[in-house]
Asker: 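My structure is below; once you've seen it, I'll send some questions.
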Amino acid sequence: MEEIKFTRESIEAFLQEKTDAGNKAETIAEYRRILLKFQHDFLPDDMIRKNTLQEWKSAMQQEGVLAVRTINRRLAVVNQYLEFMGERNWQVSCVPLEDTAQTVLQRSEYIRLLQAAKQQKKEQLYFIIKSICVLGLHIWELPELTVNIVKKGSGVFHSNGQERKIAIPKTFQRELLDYCKRNDILEGRIFRSQKGTDIHRITVNAAMKQLCHIADVAPEKANPRCLLRLYEQTQTQLQDNVAMLLLQYYDKLLEAEEMMTGWEQQ
């Protein structure tokens with residue numbers, strides 16, 4: 001079989017088998033949520049093919065959002081569904097817990113990725129990479145980056161049911177507005193596919209991988225997950241530097257006060 005039609009009927013048949021096998025109601029509800037999310041997020045044509053589950057596994061890992069145990073739980077459910085459908089050879093292994101060490105993208109490598117995108121004249125990819133690393137955006141938040149938000153210089157983004165405010169540095173704001181002007185993007189989303197739809201994470205991952213050879217960056221580092229980690233590391237370093245400067249300033253303030261009012265001062 002080259003593909004399986006992923007239907008609501010087949011899902012319910014699978015769940016009924018699990019119910020008959022004695023699984024609890026809450027387990028069945030969890031299975032249903034996982035399968036429907038898999039269908040919604042990753043099966044635009046409702047078809048599962050031989051490599052579909054491996055691609056889903058890779059996408060979840062590269063996003064860097066879900067815990068490994070959560071990824072493995074989702075994979076296990078779809079693996080069981082494939083067994084139910086008679087396609088055990090399409091199953092994939094879970095993510096080994098020892099393989100969860102973070103791959104670190106150096107800032108020099110990030111710069112080389114940007115330079116490679118410029119060299120290849122991939123302007124949209126250049127700005128997607130920069131938006132992730134400068135603003136700390138997730139792939140699914142890219143549609144929320146609009147012309148209006150860039151003009152204002154800040155905006156509220158929604159992630160995993162929470163709101164967070166994003167401030168756009170002035171330099172990057174000017175660069176984004178120039179990009180919009182060059183590409184006649186007057187309103188709405190800044191990043192969209194050629195068909196006008198949202199940019200898909202698989203498209204971004206594949207495009208970044210193509211830059212690796214030119215940028216001399218290891219393929220496992222060329223993904224949005226590593227860009228986000230670099231953003232987080234940079235923010236931590238900046239906060240540490242600011243804290244150190246504040247401490248030094250405070251120490252000088254206390255030293256000056258001691259010169260005037262210290263107990264041992266005459």
Side-chain angles (χ1 to χ4, degrees), residues 36-46 52 55-56 58-66 105 110-111 113-212 215 222-232 234-235:
L36 292 177
K37 182 170 181 57
F38 172 58
Q39 181 184 36
H40 178 269
D41 292 351
F42 217 77
L43 302 178
D45 58 355
D46 293 335
T52 300
E55 292 172 354
W56 187 45
S58 298
M60 288 190 291
Q61 287 181 271
Q62 291 172 357
E63 279 182 351
V65 175
L66 299 175
L105 178 71
Y110 158 69
I111 295 299
L113 284 172
L114 291 177
Q115 291 171 335
K118 288 178 64 177
Q119 181 180 336
Q120 296 294 303
K121 301 188 184 305
K122 295 183 177 181
E123 187 178 25
Q124 185 187 68
L125 180 59
Y126 170 94
F127 281 98
I128 288 175
I129 290 173
K130 206 161 187 179
S131 294
I132 295 172
C133 198
V134 172
L135 305 178
L137 297 183
H138 294 88
I139 287 292
W140 63 80
E141 291 177 313
L142 288 177
E144 297 189 59
L145 185 61
T146 63
V147 174
N148 186 49
I149 284 178
V150 175
K151 286 181 177 179
K152 290 194 300 183
S154 64
V156 177
F157 285 66
H158 303 82
S159 180
N160 295 327
Q162 297 182 340
E163 292 185 349
R164 62 191 183 101
K165 188 172 183 179
I166 299 289
I168 304 174
K170 291 290 186 182
T171 301
F172 189 47
Q173 179 189 33
R174 289 194 297 270
E175 200 174 11
L176 278 173
L177 290 175
D178 287 343
Y179 167 75
C180 293
K181 184 177 181 180
R182 284 193 301 273
N183 292 276
D184 295 322
I185 303 172
L186 305 179
E187 60 182 4
R189 296 167 296 172
I190 291 178
F191 302 119
R192 62 191 78 186
S193 70
Q194 292 181 348
K195 295 181 180 180
T197 57
D198 293 342
I199 299 292
H200 200 281
R201 59 177 177 267
I202 295 179
T203 303
V204 176
N205 287 334
M208 288 186 65
K209 290 290 188 292
Q210 293 176 0
L211 299 178
C212 290
N223 57 66
R225 174 187 56 184
C226 290
L227 290 173
L228 275 171
R229 286 177 184 159
L230 178 57
Y231 165 80
E232 292 165 358
T234 303
Q235 292 300 309

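Note that the structure is a prediction, hence the values are computed from the model and not measured.
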Asker: I'd like to check the side chain to side chain donor-acceptor pair (under 3.5 Å) partners of Asp178; sequence neighbours left out, ordered by chain and number.
Answerer: none
Asker: Who pairs with Tyr231 by side chain to side chain contact (heavy atoms under 4.5 Å, CB included), at least two apart in sequence or on another chain?
Answerer: Gln235
Asker: Go through the steps for Gln115 and Ile111 under the test side-chain contact (heavy atoms from CB on, under 4.5 Å), then give the verdict.
Answerer: CA-CA 6 Å; Gln115 291 171 335; Ile111 295 299; 3.8 Å; yes
Asker: Can you name the closest pair of heavy atoms from His138 and Leu228 and give their distance?
Answerer: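 Smallest interatomic distance, heavy atoms only, reads CD2-CD1, 3.4 Å.
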Asker: Side chains of Gln210 and Leu125, heavy atoms from C-beta outward: is any pair under 4.5 Å?
Answerer: no
Asker: Quick one: side chain to side chain contact (heavy atoms under 4.5 Å, CB included) partners of Lys170, sequence neighbours excluded?
Answerer: Gln173, Arg174
Asker: Please examine the side chains of Glu141 and Ile166, heavy atoms only from C-beta on, and report whether any two atoms are closer than 4.5 Å.
Answerer: no
Asker: Which residue pairs satisfy the ring pair (Phe, Tyr, Trp, His ring centres under 6.0 Å) criterion with at least one member in residues 173-196, sequence neighbours excluded?
Answerer: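 For residues 173-196: Phe127-Tyr179.
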Asker: For side-chain contact (heavy atoms from CB on, under 4.5 Å), just list the numbers for Leu145 and Phe157, CA-CA rounded to whole Å, side-chain angles, deciding distance to a tenth of an Å, and then say yes or no.
Answerer: CA-CA 8 Å; Leu145 185 61; Phe157 285 66; 4.1 Å; yes
Asker: Using modelled atom types and a 3.5 Å cut-off, is there a donor and acceptor pairing between side-chain atoms of Gln124 and backbone atoms of Arg192?
Answerer: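 Present.
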Asker: Does Ile129 reach the side chain of Tyr110, with side-chain heavy atoms less than 4.5 Å apart?
Answerer: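 SC-SC contact between Ile129 and Tyr110 confirmed.
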Asker: Under a 4.5 Å cut-off applied to non-hydrogen side-chain atoms, are Leu105 and Arg229 in contact?
Answerer: no
Asker: Please find the pair of heavy atoms, one from Pro224 and one from Asn205, that lie closest to each other, and give the distance.
Answerer: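 Answer, listing the atom of Pro224 first, then Asn205: CD-OD1, 2.8 Å.
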Asker: For Asp184, check side chain to side chain contact (heavy atoms under 4.5 Å, CB included) against everything at least two apart and list the hits.
Answerer: none
Asker: Suppose we screen for side chain to side chain contact (heavy atoms under 4.5 Å, CB included). Which residues come up paired with Thr146, at least two apart in sequence or across chains?
Answerer: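 Residues passing side chain to side chain contact (heavy atoms under 4.5 Å, CB included) with Thr146: Asn148, Ile149.
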Asker: Distance from Lys122 atom NZ to Leu211 atom CG, nearest 0.5 Å?
Answerer: 5.5 Å
Asker: Is it true that, when you exclude Lys209 itself, more than 12 heavy atoms of the residues, nucleotides or ligands shown sit nearer than 6.0 Å to its NZ?
Answerer: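 Counting other residues, nucleotides and ligands, NZ of Lys209 exceeds 12 neighbours.
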